[in-house]
**Q** 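Before we start, here is the structure in question, set down as structure tokens.
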Amino acid sequence: MKSKAVVLTSSLFSLCVAVFSLTACKDNVYTMLDDYNSHFIPKEDEIPDPRPGDPKFDSSRMLRDQYDIYDNETLNLYGPYGCNSYKWTIMNPFIREETDDEGNIVTYYPGKPVELSFYSNNYDSTSQRFILVPSTSGLLLGVYILELSVTDKNNQVYTDSCRVNINRHID
């Protein structure tokens, strides 16, 4: 059987640890979350890449030249930070080949906008985030042209486009 002194000492120690733990924490849940998120979400003045309107901004670097995805994958892209508006358009090039006067085969890519379905109702073609799920969008296998147009705070429009290749996934 434990002596009263040992029980009293361990109870007093537990009480001191509990009081110290509660009073030593200067942060609440929200400041801890903000601290955690600050490692992933840049602050307005800490965005490393030039934004639309900056002298060093190059609109041809908003998208890569080409994205290759399988029909069972998702393509997630973000437009640059700090824009007033975003417009994502995907076009089906309807590849057409013709023979010219010299017998060479010439390929034409006349674009026509294609209606898209997005992964979530929270995102649409005017969001900073673009989500393409080929299996639910009605897009067939093939090559598409994706265009991003953004408007900066001075209403200057910047545009970039890329190819999106949707390939069949083979197990």
Side-chain angles (χ1 to χ4, degrees), residues 29-100 104-171:
V29 172
Y30 300 107
T31 56
M32 288 188 290
L33 281 173
D34 288 341
D35 180 53
Y36 175 79
N37 288 336
S38 70
H39 292 62
F40 304 101
I41 301 171
K43 293 182 177 137
E44 191 68 23
D45 59 346
E46 294 178 351
I47 296 173
D49 296 327
R51 292 182 282 176
D54 292 346
K56 294 183 179 180
F57 180 73
D58 181 5
S59 63
S60 68
R61 298 188 65 193
M62 291 192 296
L63 300 171
R64 292 191 321 204
D65 292 334
Q66 180 172 308
Y67 296 92
D68 294 299
I69 62 170
Y70 289 109
D71 57 354
N72 64 344
E73 294 179 331
T74 302
L75 178 63
N76 295 290
L77 300 174
Y78 281 88
Y81 287 102
C83 294
N84 285 345
S85 68
Y86 301 86
K87 177 72 173 134
W88 298 90
T89 307
I90 193 158
M91 297 184 286
N92 184 341
F94 293 110
I95 298 172
R96 185 178 87 229
E97 291 184 347
E98 293 182 6
T99 306
D100 65 9
N104 298 319
I105 296 177
V106 180
T107 305
Y108 295 96
Y109 296 93
K112 178 182 177 188
V114 174
E115 190 69 32
L116 292 179
S117 296
F118 291 89
Y119 181 75
S120 167
N121 290 335
N122 296 333
Y123 302 107
D124 60 22
S125 64
T126 60
S127 172
Q128 181 186 9
R129 184 174 183 192
F130 174 79
I131 302 174
L132 174 62
V133 184
S135 60
T136 62
S137 67
L139 297 179
L140 303 174
L141 302 178
V143 178
Y144 295 87
I145 305 300
L146 176 64
E147 183 178 274
L148 169 61
S149 293
V150 298
T151 305
D152 69 5
K153 292 179 171 125
N154 298 322
N155 290 325
Q156 175 74 30
V157 177
Y158 300 89
T159 303
D160 192 14
S161 63
C162 66
R163 290 173 51 142
V164 176
N165 296 323
I166 301 176
N167 303 302
R168 181 180 311 272
H169 173 74
I170 300 174
D171 290 328

**Q** Among residues at least two apart in sequence or on other chains, which ones pass side chain to side chain contact (heavy atoms under 4.5 Å, CB included) with D152?
**A** P52, N154, Q156, Y158

**Q** Roughly how far, to the nearest 0.5 Å, is the CD1 atom of I69 from the OG1 atom of T74?
**A** 7.5 Å

**Q** Which atoms form the tightest heavy-atom contact between R51 and Y81, and what is the distance?
**A** CD-O, 3.2 Å

**Q** What closest approach, in Å, do L148 and P80 show between heavy atoms, and which atom pair accounts for it?
**A** CD2-CD, 4.2 Å

**Q** Return the minimal non-hydrogen interatomic distance between R61 and D160, and the atom names on each side.
**A** N-OD2, 3.9 Å

**Q** Who are the side chain to side chain contact (heavy atoms under 4.5 Å, CB included) partners of D71, not counting sequence neighbours?
**A** L141, I166, R168, H169

**Q** With a 3.5 Å distance limit and no angle check, can you tell me whether D54 reaches the backbone of K56 through a side-chain donor-acceptor pair?
**A** no

**Q** Could you list the residues that satisfy side chain to side chain donor-acceptor pair (under 3.5 Å) with S149, not counting sequence neighbours?
**A** T159

**Q** Return the set of residues passing side chain to side chain contact (heavy atoms under 4.5 Å, CB included) with N155 (not counting sequence neighbours), or none when no residue passes.
**A** N84, T151

**Q** Return the set of residues passing side chain to side chain contact (heavy atoms under 4.5 Å, CB included) with N167 (not counting sequence neighbours), or none when no residue passes.
**A** D68, Y70, N165

**Q** Output yes when a side-chain donor or acceptor of Q128 lies under 3.5 Å from a complementary backbone atom of G79, and no otherwise.
**A** yes

**Q** If I compare all heavy atoms of R64 with all of C162, which pair ends up nearest, and what's the gap?
**A** O-CB, 2.9 Å

